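Encoded as structure tokens, the structure appears first; notes follow it.
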Number of protein chains: 2
Amino acid sequence: MTVTRDTARPGRLLRPTAKVLPEHARAHNRSMVLQHLFHAGPGSRADLARATGLTRVTISDLVASLMAEGLVAELGARAEGRPGKPGTLLGVRTDAHQIVAVDLADDERMHGAVLDLSGTVLQRRTTRVDGRTGTAAVDALTALCRDLVAAATRPVLGVGVGSPGVIDPAGRVLQAPNRQWFDLPLADRLGAELGLPVHVANDANTAALGEFTYGGASGGGLLVLTVGGGVGAGIVLDGGLVQGHEHAAGEIGHVTAVDERDDIDGAPLGRPLPCACGRRGCLETVLSVPALRRRTDGLDPSAAAVALAAVGRRLGIVLAPVVSTLNLSEVVLTGPGELLDGPLREAALATLQERTMPVVSSHMQLRMTSLGEDGALSGAAVLVLSGQLGVT
Amino acid sequence: MTVTRDTARPGRLLRPTAKVLPEHARAHNRSMVLQHLFHAGPGSRADLARATGLTRVTISDLVASLMAEGLVAELGARAEGRPGKPGTLLGVRTDAHQIVAVDLADDERMHGAVLDLSGTVLQRRTTRVDGRTGTAAVDALTALCRDLVAAATRPVLGVGVGSPGVIDPAGRVLQAPNRQWFDLPLADRLGAELGLPVHVANDANTAALGEFTYGGASGGGLLVLTVGGGVGAGIVLDGGLVQGHEHAAGEIGHVTAVDERDDIDGAPLGRPLPCACGRRGCLETVLSVPALRRRTDGLDPSAAAVALAAVGRRLGIVLAPVVSTLNLSEVVLTGPGELLDGPLREAALATLQERTMPVVSSHMQLRMTSLGEDGALSGAAVLVLSGQLGVT
DNA sequence: GAATGTAAGGACGGTTGCCTAACAAACGTG
DNA sequence: CACGTTTGTTAGGCAACCGTCCTTACATTC
């Protein structure tokens, strides 16, 4: 008997380690409908049927359940001069639910916010960390979340947290040294406390998600570089977050970026500086915010520009192999614009273009985030959007 | 109405652009069963039920369909001293079907083979290319495939082709300059000619798949570097192949690897050499087989070792950011062992370890392929295995 | 040797989720 | 005004899973 299954794979169901039931298929299709309305804007049931490949009957059914949950509403009939019955437009009710998001990237303060589904920040709350670590830090975070949940004026879809450290997809913090969290099931614990779905991810990853969803991403591969106290990266590839072997993808801060003999274009970076990790010349020793400030403090603008450009070139050299290998279409910088968005960025882009194939680099962008300070917050919100509704 | 869907995501259905029907769910579950038998070895229906989370009833049903297609067979009862009825062991019939695979990496010859499902090569055929390009090359390939299909002694599951060039997941060759193929729907065309499912992918990607499936991969991220006339890379991440923005991921050969001032440890690489791409100092100018031979020809062994180590260090420097960023667990080299598997590999590994975090590099391997010359062939076979049966 | 407990595999009925087919309603056009 | 077109709904059917009950077959214990 010849096997000629044409398989007609739908969406290449990943992770062959988990069973898939019809109900999961339905959840997927439901997400797809929501996703389409979310990104392509309002449309009729018939539009959705055409876009998804499902029948109008099924779409009606899915839409009914989405309306029952208050996620979708009818917006009235379409007013267009086409033959046939005009469809009734459907749209996502971005105002009917809210999301609580917290950004833990800052060592001093926990920044929280209530957002609607469009990513708009509605309210903010901040808590001083005051050096708290371990359980005390968890308690402070819990209190902040409670406060935010109470402040929400609509049903809260879930809570999203972006935190430094290595975090697995289930929201377990494997290690976050600056909070002294090790092997902490943060999502589960917070979820139990709050009675809400909680999603936790690395802050660079949430930043990448935020950029991918809200920041006019071009759809291709995306790398977001977060420059703060340290340097991290989040990568969205083929429409999903790259997790990596031990969920530690994006740890770009401790790649060697400065060698003994690096004194490019007469702007010497000096000897490779010692790094907290015990080695010398890590990217963090030149690109982190403290390092950049140390390097430019007291210099006149033109000298500072030269120093920043030298760092930019080192960044370009480090990124070139990554951009090439992954065929990324965008690299986005997050951090203080006055340091990053000038000679540094320009030098990095130029270096990147010098060092990669034109095919790759000509279509590539290296830009600042379009989300400003709230990148991590909206990213944490996307985490919820993605986790609860399947919308990315 | 509060939305608190606990979603209980199964395997995070990717690609939210395609509908999923119950039959797809079944195909997935079927694949999962097959995959388990394939990798974990024979087991009873009850074992499968425990491993997959499906019920014994469903497993029995799936197994029945797999047995009807001749993919699985009962091997007899388990002989073990446990209380209860002993289960009947099931195993994949790796000999009941065959796969035709073709490797187009070589410019001179097309290498084809018939393999069984365990990846064992049963028969080989080779065709001279004789400079044929375009349609003539397609015809030669078609003839080779016909020959192989005729040579198969069991039903052929499908045809897998690994080819240089940029190839989309549907098996359309977007560009393969050395064959003068541009925007060629190779998989569809071959499939129509042969009446069999055909899968086509980039040769580095097939090599990566082969390594991932047959080459004792550790399960984490994997990068396979193919060193031949050029240099390419295939990456398996989170259990799947990385496609990249324009399906061009893995184009690592044209990253700048040699700068003006690079003369590490007294083993000068000389001025950056001009590259076919029009720039200078690309990785290919030092790491491709011709480049390596040029560099070592006529040297005595110790001098050759020094030269190879210098290249290895450049490779380490290029790979360090990639390995760090993606948190890869393995880098595998494919190509002539006498050039790669010595000073070059050792220097690359050492450099990689110097330039990345210990957390990343200490668990990392840099090794030669364990599949020898047939890496690309068995990779192409995996393409079929994966495409037709969902086994990876 | 008989009774007991455990495990494997099959049979039956029920639920879910999608599809096809058919239909009523609403609109532009000839 | 009749007609074709498009929308959204209703009705009936198929596929795929689950839970529950049953038989079979073994190991252990008395």
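Below, each value reflects all heavy atoms present in this structure, side chains not excepted, and no hydrogens, waters or symmetry copies. Every chain is numbered from 1 and lettered A, B, ... according to where its sequence line falls, protein lines coming before strand lines. Everything numeric here is computed off the predicted structure, so don't read it as measured data.
- Here the closest heavy-atom approach between residue His247(A) and residue Val166(A) is recorded as O-CG1, 3.5 Å.
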What does nucleotides 17-25 of chain C look like as a protein-contact string, B for base, S for sugar-phosphate only, - for none, at under 4.0 angstrom between heavy atoms?
SSSBB---B

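- Here Glu193(B) pairs with Arg146(B) under the side chain to side chain donor-acceptor pair (under 3.5 Å) rule; sequence neighbours left out.
- Rounding to the nearest 0.5 Å gives a distance of 12.5 Å between CD1 of Ile235(A) and CG of Leu209(A).
- The phosphate of dG10(C) has OP1 or OP2 within less than 4.0 Å of a side-chain N or O from Ser60(B).
- In this structure, Pro86(A) and Arg45(B) both approach DNA chain C, and ranking their closest nucleotides by distance from the 5' end singles out Arg45(B).
- Between His97(B) and Asp116(B) there is no side-chain heavy-atom pair separated by less than 4.5 Å.
- Note on Thr88(A): every side-chain N or O is 4.0 Å or more away from OP1 and OP2 of dT7(D).
- Applying the side chain to side chain donor-acceptor pair (under 3.5 Å) rule to Asp168(B) yields no partners; only residues at least two apart in sequence or on another chain are considered.
- Between Arg50(A) atom CZ and dT6(D) atom P the separation is 9 Å, expressed in whole Å.
- In this structure, CG of Leu48(A) is placed 17 Å from P of dT6(D), rounded to the nearest angstrom.
- Under the 3.5 Å distance criterion, with hydrogens and angles disregarded, no donor-acceptor pair is assigned to the side chains of Thr58(B) and Asp61(B).
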